[in-house]
2 protein chains.
Amino acid sequence: MNPKINFTPGPSQLYFTVEDHVRQAFKEGVPSLSHRSKKFEAISQEATEGLRELLGIMPTHHIYFTGSANEIWERIIQNLVETESFHFVNGAFSKRFYEIAQQLHKAPRKLETEPGNGFSGEVDIPSSTELIALTHNETSTGVTTNPEFIYTVKEKNQHALIAVDAVSSLPYPSFNYSRINTAFFSVQKGFGLPAGLGVWIADDACLAKAESLLSKGISIGSFHNLPTLHAHAVKNQTPETPNVLGIYLLGKVIGDMQRRGIDIIRKETEYKAAILYQALDAHPLLKSFVQDKNLQSKTVIVAECGVHTEKLTEFLIEKGLYPGDGYGSSRKNQLRFANFPTHSKEQYELLVDSLEKFAG
Amino acid sequence: MNPKINFTPGPSQLYFTVEDHVRQAFKEGVPSLSHRSKKFEAISQEATEGLRELLGIMPTHHIYFTGSANEIWERIIQNLVETESFHFVNGAFSKRFYEIAQQLHKAPRKLETEPGNGFSGEVDIPSSTELIALTHNETSTGVTTNPEFIYTVKEKNQHALIAVDAVSSLPYPSFNYSRINTAFFSVQKGFGLPAGLGVWIADDACLAKAESLLSKGISIGSFHNLPTLHAHAVKNQTPETPNVLGIYLLGKVIGDMQRRGIDIIRKETEYKAAILYQALDAHPLLKSFVQDKNLQSKTVIVAECGVHTEKLTEFLIEKGLYPGDGYGSSRKNQLRFANFPTHSKEQYELLVDSLEKFAG
């Protein structure tokens, strides 16, 4: 029997060291540790300082923990928008961010394009916009947004805060965080951890904005508003009892990634993406859903499989290779492949070999 | 060396089966399971149906998952209060619930009593009150609120919804849920699980109230508003990627508790509480902080240790018995002892024997 390899885009294959770290966590009593203990503070510090080093996050930017990335969507709107946000929408997840702003009774605007398309060139954004939301990697369609495009948007709209949804791309992208105000991810994707933890990076300008809303008498939430998160984070604490085990595991996996080297992880990600896109393009029955090479995600690769979708799924599963379904209405004609740090070159080569053998 | 027994009131000692269940979860691939899979739905169903059976929760009451009990405080105010809530405040945690209502710009009222005191008798609550919040077990002081008192409040205020914070008491109390509209807990206390999951029980009246606020054009939050949670829960799903491993472990520990029998767990809880209160009362240097027997919590027992606090802490830790610190300003003169289902009679007898030997 082939060992199972999980290519679903999230929750995905666990980072290969996670089970060992869980065993060690139980030995050290981490799952029943008080979140007000010095030992917890050390665990929290290991995760945040490790992340800072791994991703090159500067001291102007702070790191907070939430229950999920969904929660961060909500907290960003609540804390950083009095009235008007602007959303680049090109799929289900970027659209959800926009909808959350509506649910919180803000007045969001959007620039929407068809699934599979992305953004480039000049975009006219009203000067009344307080926050601009971009999705670095639209998990539903496998479309990426070039960081350079993000930085240009920031440069042309200095009055607005820039929020980047990097849920299914980090730690791959090498962002210049000084050109982004806030970014976030959930741990069950690129970091290969059990779900139940969101990580929110936000800078001093975000904190100032939240405080200004508060001083204007606008509600910015309670236990997870930005000033409260910050007041605890400076002490390596959290307002509530958090997912202590999740934070411990994040710190440990970040340590593993640092030892492996982020440059190597990024190069391998590019290599694996390249051979999969190549295999799809060369295949007589399959193709990449995203055709524009500049828009092709490196971390979630979507294959247009048409009538062969079901048969290809069975064919791959028989070999122990579990693809992700297409998202929503694309379930019947697309497959999605996560390309995360835990997926080895050898696993990707096996996937590509298998695809090449698929004859419908 | 003595094995370590953790009496801190949360996170507390893990339920003794948790580590085995974690091992099994990894074998079954639970930590990387898609939350949109049939297998996740079965895991979610096992947890919610098990809880329903364990606690006697009727079909009018629904079970939802959040990131923490802190989040549930916020969601209750957001979803169930247009303007006015009423809070019984007798310690740090009941006060926090009240403050969250203020932070969300509602107009809460409170009846406040000194820490260590509780509530009884007739209370005048304005007829404009939409939600009445009671804390079954005030974790900071070890004061319990009699369920009969809660039911009387409900009976006299039929216009209001009744919310019961049972964070550090469930599964011990045998509530009649038909006389409560919503209750909640976090898994790291009585259920002995790793932190990072809140469990919210809410009935049809809560759902109707949330829907009525929504139809009035009031924001009730986004991904975790009650109608959205409910629409997913009926399919054994969650709006966001949840703490899948946490939900799996909750279901497994509930199964263990069912096999042991909830009546036995409750009787043992009462036995353990009785011998500890007795030991404190009989001790020349120590006493129960809560003197009124009707207000003494069965699940979080607070000892007034005065100048002996530090020495007693060291004395117990030397024997492998880890007490919880007193809360807040009581840190220097009190100790708290969790009495949860994972704490065995033998462990409590050892604790009591040790206390008896303490001579300052």
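Chain letters run A, B, ... following the sequence lines, proteins first, then strands; residues in each count from 1.
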In terms of heavy-atom pairs under 4.5 Å with chain B, the winner among A:Leu214, A:Val244, A:Leu104 is A:Leu104

If one checks every heavy atom of A:Glu240 against chain B at 4.5 Å, the contacting part turns out to be both

Bottom line for B:Ile218: the part with an atom under 4.5 Å from chain A's heavy atoms is backbone

Per side-chain contact (heavy atoms from CB on, under 4.5 Å), A:Ser32 is matched among B:Val18, B:Asn6, B:Thr8 by B:Asn6

Looking only at A:Glu71, A:Arg96, A:Glu99, most heavy-atom pairs under 4.5 Å shared with chain B are made by A:Glu71

Can you establish whether the number of heavy atoms outside B:Lys38 located under 6.0 Å from its atom NZ is more than 12?
no

Assert top hit (heavy-atom pairs under 4.5 Å, partner chain A, pool B:His35, B:Arg23, B:Arg75, B:Gln13) equals B:Arg75

Honestly, the part of A:Arg36 sitting under 4.5 Å from a heavy atom of chain B is neither

With chain B, the option among A:Pro11, A:Gly196, A:Gly246 that has the most non-hydrogen atom pairs under 4.5 Å is A:Pro11

If you tally heavy-atom pairs under 4.5 Å between each of B:Ile100, B:Leu193, B:Asn225 and chain A, the highest tally belongs to B:Ile100

Would a distance-only check, ignoring hydrogens and angles, find a side-chain to backbone donor-acceptor pair under 3.5 Å from B:Ser219 to A:Gln103? yes

Bottom line for B:Leu33: the part with an atom under 4.5 Å from chain A's heavy atoms is backbone

So, the part of A:Ile247 with a heavy atom under 4.5 Å from chain B: the answer is neither

Note to self: Can you tell me if A:Lys110 has over 12 outside heavy atoms packed within less than 6.0 Å of its NZ?
What the structure shows: yes

With chain A, the option among B:Pro194, B:Gly29, B:Pro31 that has the most non-hydrogen atom pairs under 4.5 Å is B:Pro31

Honestly, the part of B:Ser68 sitting under 4.5 Å from a heavy atom of chain A is side chain

If one checks every heavy atom of B:Gln102 against chain A at 4.5 Å, the contacting part turns out to be neither

Given A:Pro9, A:Gly198, A:Pro242, the one with more heavy-atom pairs under 4.5 angstrom with chain B than any other is A:Pro242

Answer yes or no: does atom NZ of B:Lys39 have more than 12 heavy-atom neighbours from other residues, nucleotides or ligands under 6.0 Å?
yes

Ignoring hydrogens and angles, tell me if any N or O in the side chain of A:Glu74 forms a donor-acceptor pair with the backbone of B:Ser222 under 3.5 Å. yes

Checking A:Asn70 side chain against B:Pro239 main chain: does a donor-acceptor pair fall under 3.5 Å?
no

Most contact-rich option vs chain A, by heavy-atom pairs under 4.5 angstrom, among B:Gly67, B:Ala69, B:Ser186, B:Gly217, is B:Gly217

Honestly, the part of A:Thr241 sitting under 4.5 Å from a heavy atom of chain B is both

Handout entry: Flag if over 12 foreign heavy atoms under 6.0 Å of CD, A:Gln24
Key = yes

Ranking B:Asn243, B:Val30, B:Val22 by heavy-atom pairs under 4.5 Å to chain A gives rank one to B:Asn243

